[in-house]
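Working notes for the structure below.
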Amino acid sequence: MAKKNDRNAPCKCNSGKKFKNCCMNMESGKNIYGLSRTIPPHIKFTVRQKYGFGCIICGTGIVEYEHVDPEYKDAKKHDPDCITILCPTCHAKKTRGFLSTESVKKAMTKPKSLESGFPKDTLDLGVENFPKILFAGSIIDNCPIPISINGKSLFEINPPEIDGGCYRLSATFYNSKGKISLEIIDNEWISTSDNWDLEVTGGKLKIKDSQNVQTLILRVVNSDTIEIEQIHSQIQNFTIVGDKNSFTITDEKGKSNEFSNCIFSNCNIGFSIN
């Protein structure tokens, strides 16, 4: 009887190859052709953009990368035409045999996010306390309308609908060209598939207008706090550009004001621009 991980035993991946020639390499982070499991960033970007930034099956915006045909163990290169994006649940179904390769390949021809026009998911926010907004170096705390521009609320925080429920955050983010790039409606975020790039990783939503313009980096700090780490937004006749330390507001006449380390607390409207 062959011992577990016996180098001369048949590999359990059904490749017909000996363990030493197959999964020994995969356990070291490479397949039998020496291809690393790590997909290069530019390949990931191409795949994300191609499929509308969401799971091709359900449209969820948190995704993982899947080599479809050939599978990773048989792939000689990271070919974006052979890779797709699946949410963790759909990816697990594919890996465990509850979602066929044929079904995945069919979904690749009609990705859910491109069909609907947007990827989406939810934020774990406002579970116990009124959500705090860290906005480009400033703190907005306990304000039902954290930011308002010309009387229009860019953020709103509403109380739970039921006892023990979550506070509900809604917000609208615009890119540097004045188009909506991301909306949050009662803690559910919805992006547009025509963004240049959307990457959801490490607790962050990252949106770009182009290779050189980072429109938004939104980070979930914890269940009661979100942070706008970076923003480049055209809102009505104002341009807002900010990073983790400060933000600058420029009007249509070119007049600018910089804000850093501000605290807005316990008021109906935290920060108002008119």
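Keep in mind that this is a model prediction, so the values were computed, not measured. Along the sequence shown, residues carry numbers from 1. Note that these values count all heavy atoms, side chains included, but never hydrogens, waters or copies made by symmetry.
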Find out whether [X] and [Y] are in side-chain contact, i.e. whether some heavy atom of one side chain is under 4.5 Å from a heavy atom of the other.
X      : Y      : result
Pro131 : Tyr167 : yes
Leu99  : Ile57  : yes
Met108 : Val68  : yes
Ile190 : Leu182 : no
Leu169 : Phe155 : yes
Trp189 : Asp121 : yes
Lys204 : Glu199 : no
His232 : Gln214 : no

Between [atom1] on residue [X] and [atom2] on residue [Y], distance to nearest 0.5 Å:
X      : Y      : atom1 : atom2 : answer
Leu218 : Ile228 : CG    : CD1   : 4.0 Å
Asn266 : Phe130 : CG    : CZ    : 9.5 Å
Ile273 : Asn150 : CD1   : CG    : 8.5 Å
Thr46  : Ile39  : OG1   : CD1   : 11.5 Å
Cys82  : Lys77  : SG    : NZ    : 8.0 Å
Ile269 : Ser148 : CD1   : OG    : 5.0 Å

Could you report the tightest heavy-atom contact between [X] and [Y], atom names first, then the distance?
X      : Y      : result
Ile207 : Ser191 : CD1-OG, 4.2 Å
Cys90  : Cys58  : SG-SG, 4.2 Å
Gly54  : Ser113 : CA-OG, 3.1 Å
Ser138 : Asn261 : OG-N, 3.9 Å
Pro146 : Ile157 : CG-CD1, 3.9 Å
Asn187 : Cys166 : ND2-CB, 4.1 Å

Hey, is the main chain of [Y] close enough, under 3.5 Å, to the side chain of [X] for a donor-acceptor pair?
X      : Y      : value
Thr109 : Lys106 : yes
Ser100 : Ser103 : yes
His78  : His67  : no
Thr60  : Ile62  : no
Tyr72  : Leu35  : yes
Ser170 : Ile185 : no

Taking a hydrophobic cluster as the set of Ile, Leu, Val, Met, Phe, Trp and Tyr residues connected by side-chain heavy atoms closer than 4.5 Å, whether directly or through intermediates, do [X] and [Y] fall within one such cluster?
X      : Y      : value
Ile140 : Val220 : yes
Ile149 : Ile249 : yes
Leu198 : Ile56  : no
Leu134 : Phe271 : no
Ile85  : Phe118 : no

If you draw a 6.0 Å radius around NZ in Lys132, do more than 12 non-hydrogen atoms from other residues or ligands fall strictly inside?
-> no
Taking atom NZ of Lys112 as the centre, does the number of heavy atoms from other residues, nucleotides or ligands within less than 6.0 Å exceed 12?
-> no
Whether [Y] and [X] form a salt bridge (side-chain N of Lys/Arg under 4.0 Å from carboxylate O of Asp/Glu) is what I want to check.
X      : Y      : answer
Lys177 : Asp209 : no
Asp186 : Arg168 : yes
Glu227 : Arg219 : yes
Lys50  : Asp81  : yes
Arg48  : Asp197 : yes

Tested for side-chain contact (heavy atoms from CB on, under 4.5 Å) against Phe173, the lone hit among Ile180, Leu205, Ile184, Ile235 is Ile184
Per ring-ring contact (aromatic ring centres under 6.0 Å, His included), Phe259 is matched among Phe135, Phe264, Phe247 by Phe247
Pairing donors with acceptors under 3.5 angstrom, does anything connect the side chains of [X] and [Y]?
X      : Y      : answer
Ser193 : Asn195 : no
Glu258 : Thr248 : no
Asp194 : Thr192 : yes
Ser256 : Thr250 : yes

For Asp124 and Thr122, run side-chain hydrogen bond (donor to acceptor under 3.5 Å, both in side chains): C-alpha distance rounded to whole Å, both residues' side-chain angles, the deciding distance at 0.1 Å, then the answer.
-> CA-CA 7 Å; Asp124 179 25; Thr122 57; over 6 Å; no
Let me see the working for Lys30 and Arg37 under side chain to side chain contact (heavy atoms under 4.5 Å, CB included), right down to the final yes or no.
-> CA-CA 6 Å; Lys30 296 181 180 180; Arg37 284 188 177 277; over 6 Å; no
Step by step, work out the side chain to side chain contact (heavy atoms under 4.5 Å, CB included) result for Ile226 and Val221.
-> CA-CA 5 Å; Ile226 66 167; Val221 179; 5.9 Å; no
Ring-ring centroid check Trp196 Phe45, cutoff 6.0 Å = yes
Tyr65-Tyr51 aromatic ring centre distance below 6.0 Å |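 Ring centroids of Tyr65 and Tyr51 are no less than 6.0 Å from each other.
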Would Lys93 count as a cation-pi partner of Phe98, with NZ or CZ less than 6.0 Å from the six-membered ring centre and within 45° of the ring normal?
-> no
Assess whether side chain to side chain contact (heavy atoms under 4.5 Å, CB included) is satisfied between Gln234 and Ser176, documenting all intermediate values.
-> CA-CA 5 Å; Gln234 177 70 39; Ser176 63; 5.6 Å; no
When you look at Ile231 and Val241, which way does the side chain to side chain contact (heavy atoms under 4.5 Å, CB included) test go after all the steps?
-> CA-CA 5 Å; Ile231 189 168; Val241 178; over 6 Å; no
Criterion salt bridge (Lys or Arg N to Asp or Glu O under 4.0 Å) against Lys94, the qualifying member of Glu64, Glu66, Glu102 |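 Considering Glu64, Glu66, Glu102, a salt bridge (Lys or Arg N to Asp or Glu O under 4.0 Å) with Lys94 is found only for Glu66.
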